[in-house]
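Order of the sequence lines sets the chain letters (A, B, ...), proteins ahead of strands, with each chain counted from 1.
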Amino acid sequence: MPELPEVEVTRLGLDAALCGAHITALRLGKPLRWPLQADPQTLHGLRIDALQRRGKYLLMRTAQGTLIVHLGMSGSLRWTPAQQPLPPASAHDHVELQTDRGVLRLRDPRRFGAVIWHPGTEVHSHPLLRALGPEPLSERFDGAALCQALRGRSAAIKPLLLSQHIVAGVGNIYACEALFRARIDPRTPASRLRPADCQRLATAVRETLQQAVALGGSSLRDFAHTNGHLGDFQLQAQVYGRAGQPCHVCGTPVRSIVQAQRSTYFCPNCQKILKSRSPGGKR
DNA sequence: CGTTACCCCTGGAGGC
DNA sequence: TGCCTCCAGGGGTAAC
């Protein structure tokens, strides 16, 4: 579920409540993908100075270290202010961060998520963050940077977008949507993208993610905002999850294929495998 | 080194 | 209703 937009929407929803809050306890339930890698007591009394995001990771910064949170496939965070009654924990609430302002719970049925403590201030040197590509909404990500990163890569462009090494934060939904927006066939070998294609794709990635954040993210299954409301991006999906349905641009049935064990959706008419000249389909 | 297959885990959807 | 199979927004690791 959670790709960059969902994590960013979560961050925005928690920022005011968590920044400045003091951690009073951290309780762990069933094991997640990785252990905390610290004694929960370590966090006691620390003040959360900032809530940041890197790719799909949420970073709770304190003077002593950073709590790195990843939502995996099915994770979501729920916040209950201290003034409100704390709802009973569900069977899938596996982490509870208690603060002087309220309680934050991580609900993650599949437990692919993680909460990791990284001591010190150099959180970006953490193995999970170090190899991430540039932030897609930053200046550092543009057509030229994308072109450079794809040089000599023979793999199909779509799985490469998912790798997090070329650009951070793009998951299966938004990879499909961005490639549709850029009118690029997801099977195209990455090195075959010309500068103009890279420019279009970089812009498409940025615009797709920005639009999704503005709409509050996607809610295909169980994603919920910290207030329990759902996002609206899925109402705008052009190809994701629409196999067999007509393309909104040209009417051709949307195709689904499997690439690197993940479903890919695309319009075989609008999205062309490289060509020397103008691809078809306008939006 | 780059690319791909396999796994971790649980729940929902659809077929029978 | 119950059981079975397939599928799912991620990503490290092992194997080619």
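Regarding A:L32, its CG atom lies at a distance of 22 Å from the P atom of B:dC7, rounded to whole Å. The CZ atom of A:R130 sits 12 Å away from the P atom of C:dG12 (whole-angstrom rounding). Residue A:E8 contributes atom CD, which lies 17 Å from atom C1' of C:dG9 at whole-angstrom precision. Atom CE in A:M73 sits about 15 Å away from atom P in B:dG12, given to the nearest Å. When the C1' atom of C:dA8 is taken as reference, atom OH of A:Y174 falls 15 Å away, rounded to whole Å. When rounded to the nearest whole Å, the span between CD of A:Q259 and P of C:dG9 equals 13 Å. Rounded to an integer number of Å, the gap from CG of A:D108 to P of C:dA8 is 18 Å. One interatomic measurement links the two molecules: NE2 of A:H126 to C1' of C:dG11, which rounds to 14 Å at whole-angstrom precision.
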**Request:** With salt bridge (charged side-chain N to carboxylate O under 4.0 Å, His left out) as the test, would you mind laying out the steps for A:E135 and A:R54 before giving the verdict?
**Result:** CA-CA 7 Å; A:E135 281 296 313; A:R54 178 76 174 100; 2.9 Å; yes
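The side chain to side chain contact (heavy atoms under 4.5 Å, CB included) test with A:P2 is passed by exactly one of A:V9, A:L71, A:L58: A:L71. Results of the side chain to side chain donor-acceptor pair (under 3.5 Å) test with A:Y174 over A:Q211, A:E6, A:R181 single out A:E6 as the only residue that passes.
Within the 4.0 angstrom heavy-atom criterion, no nucleotide atom of any strand lies near A:S163. Within 4.0 Å (heavy atoms only), A:L162 reaches no atom of the nucleic acid at all.
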**Item:** For DNA chain C, the dot-bracket pattern of Watson-Crick and G-U pairs whose distances stay under 3.5 Å, | for other-strand partners
**Value:** .|||||||.|||||||
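For residues 23-47 of chain A, the pairs satisfying side-chain hydrogen bond (donor to acceptor under 3.5 Å, both in side chains) are A:R47-A:D49, with sequence neighbours left out.
No side-chain donor-acceptor contact under 3.5 Å links A:T264 and A:R262. Looking only at atom types and distance, the side chain of A:R130 has no donor-acceptor partner in the side chain of A:S125 under 3.5 Å away. Residues A:E96 and A:Q98 bring a donor and an acceptor atom of their side chains to less than 3.5 Å of each other.
C:dC3 sits 23 Å from B:dC9 when the P atoms are compared, rounded to a whole Å.
For the pair A:L36 and A:L28, the minimum side-chain heavy-atom distance is below 4.5 Å.
Heavy atoms from other residues, nucleotides or ligands lying under 6.0 Å from CD of A:E122 number 12 at most.
Proximity of residues 260-268 of chain A to DNA chain B (heavy atom under 4.0 angstrom from any strand atom) is restricted to A:Q261.
You'll find that the side chain of A:R33 is closest to C:dG10, out of C:dG10, B:dC9, B:dT3. Listed nucleotides: C:dG9, B:dT4, C:dG12. Nearest to the side chain of A:I173: C:dG9.
Between A:R153 and B:dG2 there is no side-chain polar atom (N or O) within less than 4.0 angstrom of OP1 or OP2. Remark: A:H70 is not in phosphate contact with C:dG10, judged by side-chain N or O atoms under 4.0 Å from OP1 or OP2. Here A:Y240 reaches the OP1 or OP2 of C:dG9: one of its side-chain N or O atoms lies under 4.0 Å away. Contact check, A:H92 against B:dG11: a side-chain N or O comes under 4.0 Å of OP1 or OP2. Side-chain N/O atoms of A:K56 include one lying less than 4.0 angstrom from OP1 or OP2 on C:dG11.
An aromatic stacking contact between A:F112 and the base of C:dG11 is absent, as defined here by ring centres under 5.5 Å apart and ring planes under 30° from parallel.
Salt-bridge check for A:R111 with A:D108: failed, with every basic side-chain N at 4.0 Å or more from each acidic carboxylate O.
Residue side chain A:R111 does not reach the base of B:dC9 through any donor-acceptor N/O pair under 3.5 Å, judged by distance alone.
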